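What follows is a short report on a single structure.
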Amino acid sequence: MSLIKSISGIRGTIGGKAGDGLTPIDIVKFASAYGAWVLEKTNNPKVIIGRDARLSGEMVSGLVSATLQGLGINVIDLGLSTTPTVEFAVPLEKAGGGIILTASHNPVQWNALKLLNDQGEFISDAEGKAILEKAEKEDFSFAEVKKLGSYSQINDYIERHIQHVLDLELVDVEAIKARNFKVVVDAVNSTGGIAVPMLLRALGVTEIEEMYCTPDGNFPHNPEPLPENLRDICQKLQRGSYDLGIVVDPDVDRLAFINEDGSAFGEEYTLVAVADYVLSKTPGNTVSNLSSTRALRDVTEKRGGVYNASAVGEVNVVNQMKAVDAVIGGEGNGGIIYPTSHYGRDALVGIGLFLTHLANFGKTISRLRATYPNYHISKNKIELTPEIDVDNILSEIKNKYKSHPINDIDGVKIEFEKEWVHLRKSNTEPIIRIYSESESEATAEHLAKKLIADIKEVVNASMI
C-alpha cells in the first residue's frame, strides 16, 4: 500500500491501514485540512468537486462531500467530470476552491485529492505545506448542526466547457468540419469517454470510432498515454482508413495523438504542434518544464518568441508562464496550458487547437509531425527504497558533471552539446525519474544508461 502526501494533494492506493494507503480516515483528515484552509483564506464556504470514473471515485467523493459539509462548506458536485472542467467551474461558480478526485495517470488501485485555489488553479507550494501541516496537527473544527454545509449537483459543466472551447478565437469549427476527419478515440474507460466524443461531434466530426469510452473505471490498459500502452488504438489505425487517433488519460488533462498509419505522434509533440499554431497567430513567449523536449524552444525561436523552462509540476509551469506573459505553455506529457482559456492543462482545449492546426495544414498528421525537429527522449526510472539518500545522489551526480552547464531548480539537469539529462525525484511516486534527449535515439538511451550506472555507483558506495 502507498500513501503520498505532497504540496499538490494526497495520493495513494485504496485500502490498508490508515497512514499506509488512501483509507477513509486519510481522506476525511486531508479534506478537513483543505476545507479549513479554504475558509481561513477566502472566507468563502463553497467548494467545487468532480471525479474521474475510477472504481473508488464514488466512495471517495461521498467522504469528501460529507467532510466539507461538516465544516460548514457548501459543496457543488459536478459528478463524473474532468480535471480541466473542475478548474473551469471554480471561478465561474465563484467558489473558494475545488477538489478533483483523480489519480490522473496512475493505475486503477490509486486515487487522489488534487487541490485548487479560488482561481481554479493548483495551490502553491506554500499553500500545500500549510494544508499538510493542518492535516498533521488536525488543526480544524467542525460546524454546529444548524451551520452544516449544503450539497448540490450541476450535471452540465462538460457541455459548458465544450462550448467554451468552441468559442475560442483560434478554434475554427468550420475548418475542422470541412476536413471530414475520421477519428479513433481511446479514453481508457474514464470521463474522457464522455467529454472527447461530445467535443468532436460539436466540432463537426461525424465519423468517430470509440474505443474504451464507457466511463466505468475498468481501465483496459495502463492509463498513462504512452506508446507502449496504446497498442490497441495503434493497431486499429493501422488496419483502418482513419485520419488520426486521440488518447487522453483518466482525468483528461493529458493529450496524445496517433498518426494515420498507427505510429505515435509523440506526447512531447502535442505541445510543440499546438504551440506552433498558437504562435503563428499570436506571437509571444512559451514555457515548458525542464523534462520536456527542446523542440518547443526551436519552434518558439523560429516564431520570434522566447522559450523559458520551469521546474516540473503544473503550478511551476503556470507561475513561470505568468512571469513571462507566455501565450502558450505546458508539459511534455501532453499537457496543454492556454492562458486565453485558463491556467490549467486541458486536453479539450488542446484538441480544438490541434484539429484546427491540422485542418489548416491540409495534409496528414504524419506529414505535420515531420515538419518539426526530430528529437528522441528516453524516459526511465529507478525504484527507491527507504535507505536511499536521494539528495546525496543528486549532489554527487552534480559534482561529477560540474564541468557541464547544470540547472538545479528541480533535481539536476545536465546540458551537453546537443543533448541533456534530467534527474529528479517524483512528487507522486517513490522513484527517481531519468529523462534524456538527443537527436539520436541511441544516444538518448546511452545517456540514460550512463546516468543510471552513475546513480547505482553512488548508491553502492554509500552502502559500504
Side-chain angles (χ1 to χ4, degrees), residues 1-6 8-36 38 47-83 85-86 89 95 97-116 131-132 135 138 140 142-143 148-155 157-158 187-195 212 214-220 222-223 249-253 428-429:
M1 296 295 174
S2 297
L3 183 66
I4 301 171
K5 303 172 185 177
S6 74
S8 59
I10 185 168
R11 179 182 303 240
T13 51
I14 296 297
K17 294 183 177 180
D20 292 336
L22 187 62
T23 70
I25 292 172
D26 298 293
I27 293 164
V28 169
K29 183 177 179 180
F30 201 76
S32 299
Y34 171 74
V38 167
V47 168
I48 311 297
I49 68 168
R51 65 182 178 91
D52 70 13
R54 63 186 61 231
L55 300 176
S56 59
E58 189 173 352
M59 179 272 288
V60 175
S61 180
L63 287 166
V64 169
S65 295
T67 301
L68 295 175
Q69 287 178 265
L71 290 161
I73 291 173
N74 302 320
V75 176
I76 297 178
D77 186 358
L78 306 189
L80 288 173
S81 192
T82 77
T83 285
T85 303
V86 178
I99 302 179
I100 307 149
L101 308 173
T102 174
S104 193
H105 63 274
N106 288 122
V108 67
Q109 65 267 32
W110 289 77
N111 211 329
L113 280 64
K114 295 167 71 172
L115 310 177
L116 305 175
I131 292 168
L132 287 174
E138 298 188 5
F140 39 79
F142 297 96
L148 296 175
S150 63
Y151 173 84
S152 60
Q153 296 174 306
I154 299 179
N155 297 315
Y157 248 103
I158 289 178
V188 73
N189 284 341
S190 190
T191 48
I194 302 170
Y212 312 134
T214 303
D216 60 12
N218 290 301
F219 300 159
N222 185 309
D249 66 339
D251 65 324
V252 200
D253 63 356
T428 58
E429 299 174 76

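Bear in mind that the values here come from a model prediction, so they are computed numbers and not experimental data.
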In chain order, what residues pass the side chain to side chain donor-acceptor pair (under 3.5 Å) check against [X], with sequence neighbours excluded?
X: Ser150; value: Asn74
X: Tyr157; value: Glu93, Arg160
X: Ser190; value: none
X: Arg54; value: Asp52

Donor-acceptor pair, distance only, cut-off 3.5 Å: does the side chain of [X] make one with the backbone of [Y]?
X: Tyr34; Y: Leu116; result: yes
X: Arg11; Y: Ala103; result: yes
X: Asn189; Y: Asp216; result: no

Checking Ser56 against Asn111 for the side chain to side chain donor-acceptor pair (under 3.5 Å) test, could you report, in this order, the C-alpha distance in whole Å, the side-chain angles of both residues, the deciding distance, and whether it holds?
CA-CA 7 Å; Ser56 59; Asn111 211 329; 2.8 Å; yes

Sequence neighbours excluded - salt bridge (Lys or Arg N to Asp or Glu O under 4.0 Å) pairs with any residue from residues 66-83:
none

Hey, what do you get for [atom1] ([X]) to [atom2] ([Y]), rounding to the nearest 0.5 Å?
X: Ile194; Y: Leu80; atom1: CD1; atom2: CG; answer: 5.0 Å
X: Phe219; Y: His105; atom1: CZ; atom2: NE2; answer: 11.5 Å
X: Ile154; Y: Ser81; atom1: CD1; atom2: OG; answer: 10.5 Å
X: Leu3; Y: Thr13; atom1: CG; atom2: OG1; answer: 8.0 Å
X: Phe30; Y: Leu22; atom1: CZ; atom2: CG; answer: 10.0 Å

For [X], give me all partners under side chain to side chain contact (heavy atoms under 4.5 Å, CB included), at least two apart in sequence or on another chain.
X: Ala18; result: Thr23, Ile25, Asp26
X: Asn222; result: Glu224, Asn229
X: Glu58; result: Arg51

Can you list the residues that meet the ring pair (Phe, Tyr, Trp, His ring centres under 6.0 Å) rule with Tyr151, with sequence neighbours excluded?
none

So [Y] and [X], do their side chains get closer than 4.5 Å, heavy atoms only?
X: Asp251; Y: Thr82; result: no
X: Val252; Y: Thr83; result: no
X: Leu78; Y: Ile48; result: yes

If you compare all heavy atoms of [X] against all heavy atoms of [Y], which two are closest, and at what distance to 0.1 Å?
X: Ala187; Y: Gly193; value: CB-N, 3.1 Å
X: Asp249; Y: Val188; value: C-CG1, 4.2 Å
X: Pro223; Y: Pro250; value: CB-CG, 3.6 Å
X: Tyr212; Y: Pro220; value: CG-CG, 3.3 Å

The salt bridge (Lys or Arg N to Asp or Glu O under 4.0 Å) partners of Asp253 (sequence neighbours excluded) come to Lys114, Arg345

With Leu115 as partner, the option from Val47, Val38, Ile99, Ile10 fulfilling side chain to side chain contact (heavy atoms under 4.5 Å, CB included) is Ile99

Got a list of side-chain donor-acceptor pairs under 3.5 Å for residues 59-73, not counting sequence neighbours?
| residue | atom | partner | partner atom | Å |
| --- | --- | --- | --- | --- |
| Ser65 | OG | Ser61 | O | 3.0 |
| Thr67 | OG1 | Leu63 | O | 2.7 |
| Gln69 | NE2 | Gly149 | O | 3.1 |

